[in-house]
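Reviewing the structure listed below.
Predicted model, so just to flag it, every value in this text is computed and none were measured.
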Amino acid sequence: MTGNDDSILEFLGENDVALAPRGLEINLQREGISISKRTIQRRVKKLHEKGLIEKVHENAGYYAITDKGRQYLEGELDASELEDDGDNDGK
């Protein structure tokens, strides 16, 4: 898990929204968090693989946080319990 992952999950969880990577980029920037669309696309893929977010619109690529993602944010699921993807984007 990276800091970018936490930012993405926190935004989706706090706002209870489903967004595409571009929408995430725009809205995170509005919050003062600068993450490139390319990085968001990579991290969204990893978060989806870990079951922390789900694709809610297959064709448009909209993602929302899952119950597992909420458990992670609430500290009920430790990052060590998730597979280490070896990716250090944004630490």
CG-CD distance between D67 and E76, expressed to the nearest 0.5 angstrom: 10.0 Å
Can you tell me if K45 has over 12 outside heavy atoms packed within less than 6.0 Å of its NZ? no
State, to 0.1 Å, how close V56 and A18 come at their nearest heavy-atom pair, and which atoms those are. CG2-CB, 3.4 Å
Residue of the set L47, L52, I53 for which side-chain contact (heavy atoms from CB on, under 4.5 Å) holds with D5: L47
If you round to the nearest 0.5 Å, how far is CD of Q29 from CD1 of I26? 7.5 Å
Gap separating the CD atom of Q71 from the CG atom of D78, nearest 0.5 angstrom: 12.5 Å
Point-to-point distance, once rounded to the nearest 0.5 Å, from CD of E10 to CD of E31: 11.0 Å
Locate the shortest heavy-atom distance separating Q41 from P21; write the atom from each residue and the value. CG-CB, 3.7 Å
Other residues, nucleotides and ligands only: do more than 12 of their heavy atoms fall within 6.0 Å of CG on N15? yes
Value rounded to 0.5 Å, distance of CZ in R42 from OG in S36: 6.5 Å
Would you say I33 and N27 make side-chain contact, with heavy atoms under 4.5 Å? no
Name of the residue among I35, I65, L19 meeting side-chain contact (heavy atoms from CB on, under 4.5 Å) with F11: L19
Nearest non-hydrogen partners of M1 and K50, listed with the distance: SD-CD, 4.1 Å
Is Y62 reachable from L28 through a run of I, L, V, M, F, W or Y residues, each pair having side-chain heavy atoms under 4.5 Å apart? no
For the residue pair L73 and L9, what are the closest heavy atoms and their distance? CD1-O, 3.5 Å
Taking the side chain as C-beta and beyond, is there a heavy-atom pair between Y72 and D6 under 4.5 Å? yes
Mind checking whether Y63 and E54 have side chains closer than 4.5 Å, heavy atoms only? no
